[in-house]
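Before any comments, here is the structure.
As the structure is a computational prediction, the values presented were derived from the model and not from experiment. Hydrogens, waters and symmetry mates play no part in the numbers below; they use all other heavy atoms, side chains included.
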Amino acid sequence: MTDDHEIPELHQLGLEPTDLDGHTLEELSDYLDAGRQPSDPSIDGSPGCQLALDALERLQGLGGQLIDADAAASPDVDASWVDRILSGIALDARAGRRIPFEVSEPSVDLGITEGAVRGLIRSAENAVPGVLVGRCRLDGDVTVPGTPIRIDIEASARFGESIPRVVERLRAEAEQRLRAHTELNIVAIDVTIRDVYDVSAWAERSR
């Protein structure tokens with residue numbers, strides 16, 4: 001795959017080549033399929049690649065059969081929700097703004113990237129069956145400690161799940177992680193279910 005091909009692909013997902021240290025989501029997916037072997041230091045040592053790999057691994061865990069079904073049924077099946085999930089992964093891989101921690105020692109400078117916080121929010125889906133997190137957005141000036149921050153999460157839910165219950169669980173899990181690992185002044189966490197997907201229906205159509 002040449003650079004001329006990679007750059008438009010990255011831009012389509014809102015990425016620049018530097019966000020994944022020159023790699024593409026396709027390359028990372030192949031690396032995941034190979035069990036991350038042989039080890040590639042340029043991937044293993046890249047924070048952006050690691051965020052994207054973790055998100056892709058969760059997507060593969062639930063969505064692999066859906067993507068296969070989509071390939072077999074295309075163009076009949078609308079897979080726009082998959083595009084939104086991948087776009088969210090692309091966004092997570094970007095470092096974004098630096099979020100400082102308040103420390104008492106003037107000589108100590110601690111912080112976390114916005115991309116790492118989005119990855120933290122995305123990990124909440126692990127505790128909520130049938131949910132895949134797409135876009136995560138932090139509204140507010142995260143660079144100033146104590147500033148009120150609103151979290152906006154978009155997700156997809158499996159058909160048959162109670163949407164209100166899914167929303168409440170996802171919100172609670174995200175809040176728990178944010179409270180435990182950041183000092184952000186979270187004033188609200190908004191969760192929007194953008195898509196509902198049916199695993200069995202897609203699998204049946206792919207036969």
Side-chain angles (χ1 to χ4, degrees), residues 14 32 47-48 50-67 79-103 110-202:
L32 204 57
Q50 290 307 304
L51 281 172
L53 280 171
D54 289 344
L56 283 170
E57 193 164 30
R58 289 194 293 273
L59 178 61
Q60 282 188 354
L62 181 61
Q65 59 183 304
L66 298 180
I67 294 173
S80 60
W81 70 273
V82 176
D83 294 335
R84 280 191 284 272
I85 296 297
L86 291 175
S87 294
I89 292 173
L91 180 62
D92 286 354
R94 307 184 73 165
R97 296 170 288 180
R98 185 179 185 276
I99 304 172
F101 286 104
E102 290 190 278
V103 292
L110 299 177
I112 187 173
T113 67
E114 188 176 9
V117 173
R118 287 193 297 260
L120 188 66
I121 296 169
R122 179 180 295 280
S123 71
E125 70 183 17
N126 292 332
V128 187
V131 168
L132 289 171
V133 172
R135 184 184 182 191
C136 305
R137 188 172 67 244
L138 282 65
D139 289 332
D141 191 353
V142 296
T143 65
V144 179
T147 299
I149 303 298
R150 195 178 193 96
I151 307 296
D152 183 23
I153 304 172
E154 295 181 359
S156 299
R158 185 169 54 203
F159 177 77
E161 300 286 347
S162 167
I163 299 301
R165 188 178 301 119
V166 162
V167 167
E168 186 56 36
R169 288 192 61 185
L170 185 59
R171 180 186 293 114
E173 289 292 336
E175 181 176 13
Q176 180 182 15
R177 285 162 170 75
L178 290 167
R179 302 291 183 199
H181 300 289
T182 78
E183 296 179 351
L184 291 170
N185 178 19
I186 307 299
V187 296
I189 299 178
D190 297 324
V191 178
T192 302
I193 301 300
R194 291 289 304 273
D195 306 278
V196 175
Y197 61 89
D198 186 348
V199 174
S200 60
W202 281 46

(Q) Looking at every non-hydrogen atom in both residues, tell me the closest pair between G111 and R98 and how far apart they are. (A) N-NH2, 3.3 Å
Q | Side chain R122, main chain G134, donor-acceptor under 3.5 Å | A | yes
Q) Which residues pass the salt bridge (charged side-chain N to carboxylate O under 4.0 Å, His left out) test with E175, sequence neighbours left out? A) R179
Q: Please confirm whether the backbone N or O of V133 pairs with a side-chain atom of E125, one donor and one acceptor, at under 3.5 Å?
A: yes
Q: Would you check if I193 and V167 make a side-chain contact, meaning some heavy-atom pair closer than 4.5 Å?
A: yes
Q | Minimal non-hydrogen separation, A174 against A124, with atom names | A | N-CB, 3.7 Å
Q: May I ask you to test the I112-L120 pair for a side-chain heavy-atom distance under 4.5 Å?
A: no
Q: Apply side chain to side chain contact (heavy atoms under 4.5 Å, CB included) to R150 and D190, showing your working.
A: CA-CA 8 Å; R150 195 178 193 96; D190 297 324; 2.6 Å; yes
(Q) Let's go through I163 and V196 carefully: what are the C-alpha distance in whole Å and the side-chain angles of both, what is the deciding distance for side chain to side chain contact (heavy atoms under 4.5 Å, CB included) to 0.1 Å, and is it a yes or a no? (A) CA-CA 9 Å; I163 299 301; V196 175; 4.3 Å; yes
Q | Salt bridge present between D139 and R137 (N-O < 4.0 angstrom) | A | yes
Q.
L138 vs L184, test: side chain to side chain contact (heavy atoms under 4.5 Å, CB included). Steps then yes/no.
A. CA-CA 10 Å; L138 282 65; L184 291 170; 4.1 Å; yes
Q | Whether E114 side chain and R97 backbone form a donor-acceptor pair below 3.5 Å | A | yes
Q | Distance-minimising heavy-atom pair for A127 and R169 | A | O-NH2, 2.6 Å
Q. So how far is it from I189 CD1 to I149 CD1, rounded to the nearest 0.5 Å?
A. 12.0 Å
Q) Below 4.5 Å, heavy atoms only, C-beta onward: do L178 and I151 meet side chain to side chain? A) yes
Q. Considering only heavy atoms from C-beta outward, does the side chain of T143 approach that of I99 to under 4.5 Å?
A. no
Q | Shortest non-hydrogen separation from G146 to N185 and the atoms involved | A | O-ND2, 3.1 Å
Q. Roughly how far, to the nearest 0.5 Å, is CD of E183 from CG of L110?
A. 9.0 Å
**Q.** Under 3.5 Å donor-acceptor, E173 side chain and V128 backbone
**A.** no
(Q) Check this for me, if you would: do E161 and R165 make a salt bridge, where the nitrogen-to-carboxylate-oxygen distance has to be below 4.0 angstrom? (A) no
Q: Under the side chain to side chain donor-acceptor pair (under 3.5 Å) rule, what do S123 and R177 come out as? Steps first, then yes or no, please.
A: CA-CA 9 Å; S123 71; R177 285 162 170 75; 3.1 Å; yes
